[in-house]
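Below is one structure; the comments refer to it alone.
Any value given below was found using the heavy atoms of this structure, including those in side chains, with hydrogens, waters and symmetry copies removed. Here the structure is a predicted model, which is why all the values come from computation and not from measurement. Both counts, for ligands and for their atoms, begin at 1 and track the order of listing.
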Amino acid sequence: MSAKLLEGKPIAEKIKQQIKQDIEGLGRKPVLASILAGDNAGALAYVRSQQKNAEALGIEYCLEKLESNITEAGLVDFVRKLNQDKSVNGIIIQMPLPEQIDYKKISSFIAAEKDIEGMNPQNMGKIVFGSAKILPCTPAAVMELLKETAVDLCGKEVVVVGHSEIVGKPLSLLLLDKLATVSVCHIGTSKAGKLEEHVKKAEVLIVAVGRAGLIKGEWVKDGAIVIDVGINRVADKIVGDVEFEAAASHASWITPVPGGVGPLTVTMLMRNLVEAAKLQK
Ligand code: NDP
């Protein structure tokens, strides 16, 4: 392997120090309300990790457990109450939601100044204008990883694979803001047989699909920076979307999976909470 390992944890630790200082500046513990409808095991694991992170930073984490048969109208009412509650600084809705609930619809009811996942249409829209104060967590985590490499994105060929609303779309706008030349690949690119061609030209490659081994190591350009957002369970191991070993022999930097984007994503959530508390002040 010739690439340097781009790990999320040390960067997260630095950002946590800043978060702690900001919390001292606030003069009170910020409060995060976390809505969990039902008892999905994956959601519960994510809640525990958030809770641990929050408590270590001096953030009050209020878990709001709701029945899995809650109606959409009932959940909207609950969100509205939290919007009006002055003691609550940020709201997060745990996924997956019960099937009768449409996440997009519910997230649009979270007050923009309390939307610490950055998924409310108002916060998403601000990304287009380059004025967003609260960014979606995973794209923000990727931007922090890129900052660590000290790459100047201006004019760089950046290829984003995956165009989801939570990762690829907002991320490509953040990269455009840095004057990168951004190509966004998706299922249409793969169907047209053009994924390899695009990946091969990437000076910075960011992959967020959720398919182990989708990106072949030999496609990675020499010296490229590779950020693998994907999380896949393969034979009891967690792997990304990029063939790690083969890609690492070409790349200059590469994120491990696990240990790359993941540890930063939850830190970005806490940073957003503090940012929200500052905006509310
Ligand atoms: P989605 O399923 O919402 O999006 C996947 C994207 O990949 C879609 O744009 C889809 O296109 C595209 N895609 C699917 N198949 C192909 C293909 N063969 N070639 C090219 N593009 C393809 O997933 P998310 O964005 O939510 O997450 C992506 C991955 O990142 C997952 O593994 C997830 O677990 C992980 N993740 C990791 C986080 C972290 O903190 N590390 C946080 C968030 C996500 P289309 O919609 O057109 O089919």
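Annotation for ligand 1: atoms under 4.0 Å from non-hydrogen atoms of G262 are 40 (O), 41 (N). Interface of R211 with ligand 1, defined as ligand atoms under 4.0 Å from a residue heavy atom, comprises 18 (N). Listed by atom number, the atoms of ligand 1 under 4.0 Å from G162 heavy atoms are 6 (C), 7 (O), 9 (O). For ligand 1, the atoms closer than 4.0 angstrom to any heavy atom of L214 are 18 (N), 19 (N).
Within the 4.0 Å heavy-atom shell around ligand 1 one does not find T189. Under a 4.0 Å heavy-atom criterion, G230 is in contact with ligand 1. Contact annotation: A208 has at least one heavy atom less than 4.0 Å from an atom of ligand 1.
At under 3.5 Å, not a single nitrogen or oxygen of V167, backbone or side chain, sits near a nitrogen or oxygen of ligand 1. Residue D241 has no N or O atom closer than 3.5 Å to an N or O atom of ligand 1.
Under 4.0 angstrom from ligand 1, the non-hydrogen atoms of S164 come from both its backbone and its side chain. In I166, the part holding a heavy atom less than 4.0 Å from any atom of ligand 1 is the side chain. Only the side chain of T265 comes within 4.0 Å of ligand 1, judged by heavy-atom distances. For T138, every heavy-atom contact with ligand 1 shorter than 4.0 Å involves the side chain, none the backbone.
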